[in-house]
Structures are given as structure tokens and as C-alpha cells.
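Remarks on the structure that follows.
In this chain, numbering begins with 1 at the start of the sequence shown.
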Amino acid sequence: MSYLPPTGGSERAGAIDDGCVFGHPGGRELAGLLDADTGAVQAAHHEALEHPSEIIVEFETRLCAPLRPVGPVPIAVSGTPRTEGAVDAALVRGTDDGAPMPDGAHTLTAMLGAAVLVGESGRLLGFTAACLWSAEDGRAAALSTGPVLVTPEELAEGGSVEIGAEVDGEPVVRARVALPEAGSVAHRPGLAVGLAPATRPLEEGEELNVDAGELGIFEIRVGAQA
């Protein structure tokens, strides 16, 4: 996982164990660790648990996007017809960053799905949940990613995940989403996203509770700022 500690500073890699975040002692970012071979990733996990730079209760940390892309993020939305496009890399955020309301907007819709992550070397890093937020006029407001990153050893290309979401106990979407192919990532490091059709319009202050199956469970508040 990638996180920011409550004391501030830069993003850093860590491991979650028993409700706590164990900071990696090497100070490397998550994407750099994952872009090494499998043995190096396992070694980094062991180092974080055995020789942590810090130990923080998980809810006191701020979970960040697992990867910061260097170019536009390809987006594909399932349905009839299927639509495609791209989102500015600057809109990529972590799930703890919330969904900002653009100037003049009154509601946001959310399209939930999955993202494939590719490292600078071209290595397939794994998969994570994704949520594209859009204003009523179609403007993209944010692309939330994370917090869980599932490696290719755990979830293979060509598969799919079941994703559902609720607001105040009311189901707003449930869909099975195909995992994007690594070949659809045009810029490295980068990611590509496959999404289901949008939820109903969500108002500021509402909280979207997402269950993305293997890709984790998380909450995002509408209108929250980074």
C-alpha cells in the first residue's frame, strides 16, 4: 500500500498487519518496489514488518493512489454501446482524498470499476479498484484508485470482479467488470481503467460505500477535498 503518515511528509510504501501500517524502512515508493521482481516485493514486505520505519494505526494514515501515472489514463465504460476515452493523470487520487465538487456543480455521478497498473519497466504490477467521478455537465472531477493493490499472482489478466456500492444502505450499482489488459496502458508508469455505467447523481456530503470484492472495501465522501 501507499500512504501518508499523520505527521506529514512524502508518500511511502508500507504493509498492513493487524490494523496497523508498518512503514517500509527503505523509503521507496510502492510502484518502485512492485516494478522489481516478485522476490524483491516479498522481501520488502518482510522488511516492513520486521524493521518498520514507523508503526501507525491504519485509520490515522491517509491512503494514497497506488501509482501516479505520467500520461492520460485510458477509460472504457461497459454497456451498449461501449464507450472509450481518457482522463487527465492529474485527476488520479487515493480513496481517502474524497471526491471534489467542481465549481458550479451540484451533484456527481460515480462509475466504478477496475484498473490495471503497469510500471516504468513495462512490468504488470497488478490491479486495483477505480471510481471515475463526473459532474452533471460531463466534466471529470476525479479518478479515485486503490486502496488495495492485488498482484498478478493473486488475480490474473482476463478475469473479472464483482463490484457493488451503497449510499445510506441503498444499493446504487452492482456490476461485474472485466479486468483491463496491460496492453491498453499507453504511458509508463501508468494505468488503464474499465468501468460500469454510472450511479444516480450523488449530492455533496453523501458517502459512497464500495465493495469491490478482491479489490477491497472502501468509502468515499462526495464533495470532500484533498
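Leu4 and Ile220 fall into different hydrophobic clusters, defined by Ile, Leu, Val, Met, Phe, Trp and Tyr side-chain heavy atoms under 4.5 Å apart, directly or through other members. Follow the hydrophobic side-chain contacts under 4.5 Å out from Val77 and you reach Leu191 in the same cluster. Placement of Ile56 and Phe22 in two distinct hydrophobic clusters is found when ILVMFWY residues are connected by side-chain heavy-atom separations under 4.5 Å, directly or transitively.
Using a 4.5 Å heavy-atom threshold, the side chains of Ser78 and Pro197 count as touching. Side-chain contact between Leu208 and Val210 is present, with at least one heavy-atom pair separated by less than 4.5 Å.
In the hydrophobic clustering (ILVMFWY side chains linked at under 4.5 Å, chained through shared members), Ile217 stands by itself.
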Glu166 vs Arg174, test: salt bridge (Lys or Arg N to Asp or Glu O under 4.0 Å). Steps then yes/no. CA-CA 9 Å; Glu166 297 181 347; Arg174 178 160 295 278; over 6 Å; no
Between Ile55 and Val21, is a side-chain contact (heavy atoms from CB on, under 4.5 Å) present by the stated rule, with each step listed? CA-CA 6 Å; Ile55 301 176; Val21 173; over 6 Å; no
Would you check, one step at a time, whether the test side-chain contact (heavy atoms from CB on, under 4.5 Å) holds for Val222 with Glu203? CA-CA 7 Å; Val222 178; Glu203 297 180 353; over 6 Å; no
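Residues satisfying the side chain to side chain contact (heavy atoms under 4.5 Å, CB included) test with Ala129, not counting sequence neighbours, are Ala212, Leu215, Phe218. Considering only residues two or more places apart in sequence or on other chains, Glu47 meets the salt bridge (Lys or Arg N to Asp or Glu O under 4.0 Å) condition with none of them. Residues meeting the salt bridge (Lys or Arg N to Asp or Glu O under 4.0 Å) test with Glu204, sequence neighbours left out: none. Every residue meeting the side chain to side chain contact (heavy atoms under 4.5 Å, CB included) condition with Ser121, not counting sequence neighbours, appears here in chain and number order: Asp35, Arg123. With sequence neighbours excluded, the residues forming a side chain to side chain donor-acceptor pair (under 3.5 Å) with Glu154 are Thr151, listed by chain and number.
If you take CD on Glu157 and CZ on Phe127, they are separated by 5.0 Å, rounding to the nearest 0.5 Å. In this structure, the separation between CG on Leu202 and CE on Met101 is 8.5 Å, given to the nearest 0.5 Å. Atom-to-atom distance recorded for Glu170:CD and Asn209:CG is 12.0 Å, nearest 0.5 angstrom.
The shortest non-hydrogen separation linking Leu49 to Ala15 is CD2-CB, 4.2 Å. Taking both residues in full, the closest heavy atoms of Ala13 and Tyr3 are given as O-CE2, 3.6 Å, listed atom of the first, atom of the second, then distance. Taking all atoms of both residues into account, the shortest heavy-atom contact from Ala48 to Pro52 is O-CB, 3.1 Å. Between Pro102 and Pro100, the shortest heavy-atom distance links the atoms CD-O, 3.4 Å.
Proximity of a side-chain donor or acceptor of Arg221 to a complementary backbone N or O of Glu207 within less than 3.5 Å is not detected. A donor-acceptor pair under 3.5 Å is absent between the side-chain atoms of Glu206 and the main chain of Val167, judged by distance alone.
Listed by first and then second residue, the salt bridge (charged side-chain N to carboxylate O under 4.0 Å, His left out) pairs that reach into residues 113-122 come to none, sequence neighbours excluded. Residue pairs that meet the salt bridge (charged side-chain N to carboxylate O under 4.0 Å, His left out) test with at least one member in residues 208-220, sequence neighbours left out, do not exist here.
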I'd like a table of donor-acceptor pairs (distance under 3.5 Å, sequence neighbours excluded) in which one partner is a side-chain atom from residues 108-116, with atom names and distances.
none

Check residues 138-148 and write down every donor-acceptor pair under 3.5 Å in which the side-chain atom is one partner and the other belongs to a residue at least two apart or another chain.
| from | atom 1 | to | atom 2 | distance (Å) |
| --- | --- | --- | --- | --- |
| Arg139 | NE | Asp137 | OD1 | 3.1 |
| Arg139 | NE | Asp137 | OD2 | 2.7 |
| Arg139 | NH1 | Asp103 | O | 3.3 |
| Arg139 | NH2 | Asp103 | O | 3.0 |
| Arg139 | NH2 | Asp137 | OD2 | 3.3 |
| Ser144 | OG | Trp133 | NE1 | 3.1 |
| Thr145 | OG1 | Arg93 | O | 3.4 |

For residues 175-190, run the donor-acceptor check on the side chains, cut-off 3.5 Å, and write out each pair with its distance to 0.1 Å, sequence neighbours left out.
| from | atom 1 | to | atom 2 | distance (Å) |
| --- | --- | --- | --- | --- |
| Arg176 | NE | Glu162 | OE1 | 3.4 |
| Arg176 | NH1 | Ser160 | O | 3.3 |
| Arg176 | NH1 | Ser160 | OG | 2.9 |
| Ser184 | OG | Glu181 | O | 2.5 |

Side-chain atoms of residues 63-71: list all donor-acceptor pairs with protein atoms under 3.5 Å, sequence neighbours left out, distances to 0.1 Å.
| from | atom 1 | to | atom 2 | distance (Å) |
| --- | --- | --- | --- | --- |
| Arg68 | NE | Glu11 | OE2 | 3.3 |
| Arg68 | NH1 | Val92 | O | 3.1 |
| Arg68 | NH2 | Glu11 | OE2 | 2.6 |

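Looking at Arg12 and Glu54, a side-chain N of the basic residue comes within less than 4.0 Å of a carboxylate O on the acidic one, giving a salt bridge.
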